[in-house]
Amino acid sequence: MEITFGNSTFLLIFSLLLCMCSGCNGCMDEERDALLQIKDSINSPEGTAFSSWYGEDCCQWEGVQCNASTTRVSSIFFYYRRDSLLENWYPNATLFAQFKDLEILHLPGNQIAGFTSPDELHSLKRLQQLNLHGNSIERASHLCWGKGALPSLYYLDLSGNHLQGFIPECLCDSLLLKRLILFGNYLHGKISPCLSNMTALQYLDLSNNQFSDSLPTFPFHNLPSIYTLILSGNKFRGKFSFSIFANLSRLSHLDISYNPYLELETESQNWFQSIKLIELSLAGCNLRKLPRFLSSQNNLQSLDLSHNLLEGNIPSWLMHNATLQLRVRGNNLSGPFPKTFGNISSRLTSLDISYNSFYGPLLEDIHLIFPELLYLGASANGFNGGIPPSFGRLKRLQSLHLSGNKLHGEIPFLLTSNMSRLQYLYLGDNLSGDALPRNLSFSNLRVINLGNNDFTGNLSDSLSWSLLQSPALPHLRVLILRGNHLEGQIPHWLCQMRHLEILDLSRNNLSGHIPDCFDNIISWIDFSHDLNMLGLDLSSNKLTGSIPVQITQLKALNVLNLSQNKLFGELTPELAKLTDLESLDVSHNKLFGELCPELTNLTFLEVFNVSFNNLSGTIPVANQFGTFDASSYIGNPGLCGNPLSRKCEVVVEKAPKSNGNVLLSNMATTNNLFFPCILFLPVVNFVYLGGLISTSF
C-alpha cells in the first residue's frame, strides 16, 4: 500500500508520543533521576558504589531490571553496596516511591537503620518482595509504612538486623504475607498473637532470637497454610507437646532445635500420624528418649537429633524412616556401628554418629548397607581395628570423618585411588601405622587431615603417587600432617598445589631449609580466596637456614608460624608486605638483628611473638605493636623498651682522637637511637679502614 504524506505524519507523531511515554533512552527520566539520587545517598559522604553506571539507559545499569514492555523499573537488587566504613544509612523512602511498577526490592547489607518518610512506601502497590536482611534496623517504627500499604507484598525478610523488643504489631497488617523471615535479631518475650491473623503465611522463621514464653500459648492452629516453621535458637520455656501442631496438615519442615529450657514430651499419641514431616530438627533439646511419633514418620528425609542426652543404640527402624540425612552426633549413644534391620540397604546419603560412645570394628560390608552415602561422620568414638577395604567401595562417598578413634593400619587403596570421589578426609588423632602410605593419589581431594597420628617415614617419599600427576593434588585446599613423626626435608612438590590454603606440618621431625617456592601457590598471593583463614604452620620441627624472601610474597596469608625451629638470619622489612597477617610467630629460633619499624604496618596483627631469639635494639610501639605484652619479646637479651622492663640508653659518641681515629660507639647492646633494620657495620668498617690506608699513604 502506498504511504501518503498524512500517514507518514501520523506515524511520526505516534513515535514521538511513544518516546515521551516510554522514554527513548530505555527507561523513564524520573526513574533515572531517582536512581541517581539513590546512588548519591548510598555513597554519602565518600562511597564508591555503582561506579559502573553509565549511559542514559538505566535499565542496563548494575542491579536494575526493567519491564520489557513498559521500560519501567521492576526490580532493584542492591546487595552490600554501601561502604562498610561509612555510618548507618537512612534512605528517603520517597526516592523508592518513584518506581510505580516496582515488584522486587532487595537492599541487604547496606547498613540501613531505617527509612525517612516510611509512609511513602505505600505508593508501591505492586511490590511483592522486600529484602532488608543484614542491615542495622533497631526500631520497629521504621517498619511501619501505614495500614493497608504494600497490598501485594508476599515476601518480607528482616533477618540479621538489630530489632529489639516484641514483634512489631504493624507487620501483622500485611495479611497476604506468605514468607516472613525474622531470624538473627534481638526479639524477646512472647510471639505476637497478631501473627495468628496472617492465615496466608506459609514460611515463618523466628530462629536465633530471645523469645522466652511458653510455646503452647501461641495459637499455631490459626496458621493452616504453614509448611515451614523454624523456632530454633531461642529461650522458649516449659513443657512442650507436639500436639500444638496437630491441625497443621501442611506442615512439612519443623525446627525447634537449641531451645535448652524446653521440656519436650516424647510419649505422643496417634494424632501425629496426620502430619507427614519431611524435615525435623530437635537438636539441643535435652532429649533423653526418642519421641514415639518418629516411628510413624515414614516420609522423613532429614532428621537431626544432635547434642541431646540419648543413650543406648540407634533403633534399626530409624535408619529406614530417615531416608536421606540422619544426625545423632553429640549424644551418649553406644554399642557397635549401627545397622539397618536385617542389613537391608539404606537410602541414607548422610549419616553422622560422631561424638558418641560407639565401639568395635567398622562395618566390613558398609558398601552394601549404606551404598548411597555421600557423607559419613563417625569421629570421636571408640572404633578400633583397621579401615575395611569396603570403605573404598562406597562409590558416591565424598566426605569421610573418622578422627579420634582407635584405628590402626593404612588407608585403603581404593579409598584414595583416581576412581574415588572422596573430597574431604579426616583421620586425625587416630591411626598408628608403620608409615604414611606411599600409594595415595587423592586426585579429587580438597581437604586431608591426617594430624596427630603415628605416621613415620620421609615426607619427601610420601604421597609419591601424586607426583605422577601434573600438578600434584590439583584440587587440594587443606593439608594437615601436624603431630606425626615425619622426617626429611619439606619437598618442593608441595609448591605444585597451587590452590593450597592451609598447610600444617608442625610438630614433626622435618629438617633442612624452608622451600623457596611457596610463592608458586596462588591462594597465598591472591586475595580472592574463599576461606576465612589462610595459614602456613611449620613450627616445632628442626628447620635451619634463613626465612626465604619468597615468604614475603604471600600477601594473602593470615597466619604464619615458624616457631620452635633453628632458623637464623634477620627479620627483613619485606615482611611488612604481608598486610593480611593476623598472627606471626617466629619465637624460639636463632634470629638476630633489630625489629624493623616497617613491621608496625601490619595493622591486623593480633598475635606477634619473637621471644627467645637473639634480637636487639628498640622495640617499635606504633599501631598494633602498642598492644603486645612482654611475653612477645622475652628471651632476647639485646631488646629494650616497652613493654620490657629493660630501658634503652642513649649512646653518645666520643670525640675523635688527634690521630684521626674514630671510636665507634657500642652498637651491639641497648640504645635509644633509630637504626635501620639491617646493620651496615661491615660497610662502616670498610670506609674506616680505607681512611686509615689513604692516610698512611
Side-chain angles (χ1 to χ4, degrees), residues 257-258 260 262-268 280-295 297 300 302-388 390-391 394 397 399-409 426-432 449 452-453:
S257 57
Y258 300 107
L262 271 184
E263 183 180 346
L264 271 66
E265 178 186 306
T266 57
E267 302 296 323
S268 300
L280 174 62
S281 181
L282 300 176
C285 288
N286 295 321
L287 285 174
R288 295 181 179 274
K289 294 182 179 180
L290 288 175
R292 284 184 58 187
F293 72 84
L294 289 178
S295 61
Q297 295 300 304
L300 272 176
S302 177
L303 175 61
D304 190 353
L305 299 171
S306 303
H307 302 113
N308 280 292
L309 303 172
L310 300 174
E311 297 180 345
N313 209 329
I314 301 175
S316 57
W317 57 262
L318 198 59
M319 299 288 187
H320 291 284
N321 285 22
T323 58
L324 292 180
Q325 299 179 350
L326 176 60
R327 294 183 290 273
V328 294
R329 65 184 290 131
N331 281 279
N332 297 321
L333 298 168
S334 59
F337 198 102
K339 292 185 178 183
T340 57
F341 180 75
N343 291 344
I344 299 173
S345 293
S346 168
R347 292 176 291 170
L348 280 175
T349 60
S350 177
L351 175 62
D352 192 349
I353 59 173
S354 302
Y355 294 93
N356 280 286
S357 300
F358 293 107
Y359 54 81
L362 298 173
L363 291 181
E364 292 285 349
D365 53 356
I366 192 170
H367 65 298
L368 299 177
I369 299 177
F370 299 105
E372 304 297 324
L373 279 183
L374 300 174
Y375 174 96
L376 175 59
S379 298
N381 280 284
F383 294 118
N384 55 31
I387 302 175
S390 58
F391 276 68
L394 292 169
L397 190 64
S399 187
L400 177 61
H401 299 245
L402 295 175
S403 298
N405 283 286
K406 302 175 182 178
L407 303 174
H408 61 78
Y426 293 83
L427 293 175
D429 300 282
N430 213 339
L431 298 174
S432 56
N449 185 348
N452 300 318
N453 286 297

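- Remark: the backbone N or O of Leu300 is paired with a side-chain donor or acceptor of Thr323 at under 3.5 angstrom.
- Counting only distance, with no hydrogens or angles, the side chain of Asn331 and the backbone of Leu287 share no donor-acceptor pair below 3.5 Å.
- Not a single donor-acceptor pair under 3.5 Å links the side chain of Asn356 to the backbone N or O of Ser334.
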Enumerate, atom names and distances included, each donor-acceptor pair closer than 3.5 Å involving a side-chain atom of residues 312-322, sequence neighbours excluded.
from: Asn321; atom 1: ND2; to: Leu294; atom 2: O; distance (Å): 3.0
from: Asn321; atom 1: ND2; to: Ser295; atom 2: O; distance (Å): 3.3

Can I get a per-line list of side-chain donor-acceptor pairs under 3.5 Å for residues 400-407, giving both atom names and the distance, sequence neighbours left out?
from: His401; atom 1: NE2; to: Ser399; atom 2: OG; distance (Å): 2.8
from: Ser403; atom 1: OG; to: Tyr426; atom 2: O; distance (Å): 3.4
from: Ser403; atom 1: OG; to: Gly428; atom 2: N; distance (Å): 2.9
from: Asn405; atom 1: OD1; to: Asn381; atom 2: N; distance (Å): 3.3
from: Asn405; atom 1: OD1; to: Gly382; atom 2: N; distance (Å): 3.4
from: Asn405; atom 1: OD1; to: Phe383; atom 2: N; distance (Å): 3.1
from: Asn405; atom 1: ND2; to: Ala378; atom 2: O; distance (Å): 3.1
from: Asn405; atom 1: ND2; to: Leu402; atom 2: O; distance (Å): 3.0
from: Asn405; atom 1: ND2; to: Ser403; atom 2: O; distance (Å): 3.4

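- Looking only at distances, no side-chain donor or acceptor of Ser357 sits under 3.5 Å from a matching main-chain atom of Asn332.
- Under the side chain to side chain donor-acceptor pair (under 3.5 Å) criterion, Asn452 pairs with Asp429, Arg507, sequence neighbours left out.
- A distance of 9.0 Å separates CG in Leu333 from CG in Leu305, rounded to the nearest 0.5 Å.
- In the model, Ser302 has a side-chain atom that pairs as donor or acceptor with a side-chain atom of Gln325 under 3.5 Å.
- Counting only residues at least two apart or in different chains, salt bridge (Lys or Arg N to Asp or Glu O under 4.0 Å) contacts with residues 311-322 are absent.
- The line from CD1 of Ile353 to CZ of Phe358 is 5.0 Å long, rounded to the nearest 0.5 Å.
- Scanning for side-chain contact (heavy atoms from CB on, under 4.5 Å) contacts around Ala283 gives Ser257, Tyr258, Ser281, Asp304, Ser306, with sequence neighbours left out.
- Residues that satisfy the side-chain contact (heavy atoms from CB on, under 4.5 Å) test with Leu324, not counting sequence neighbours, are Gln301, Thr349.
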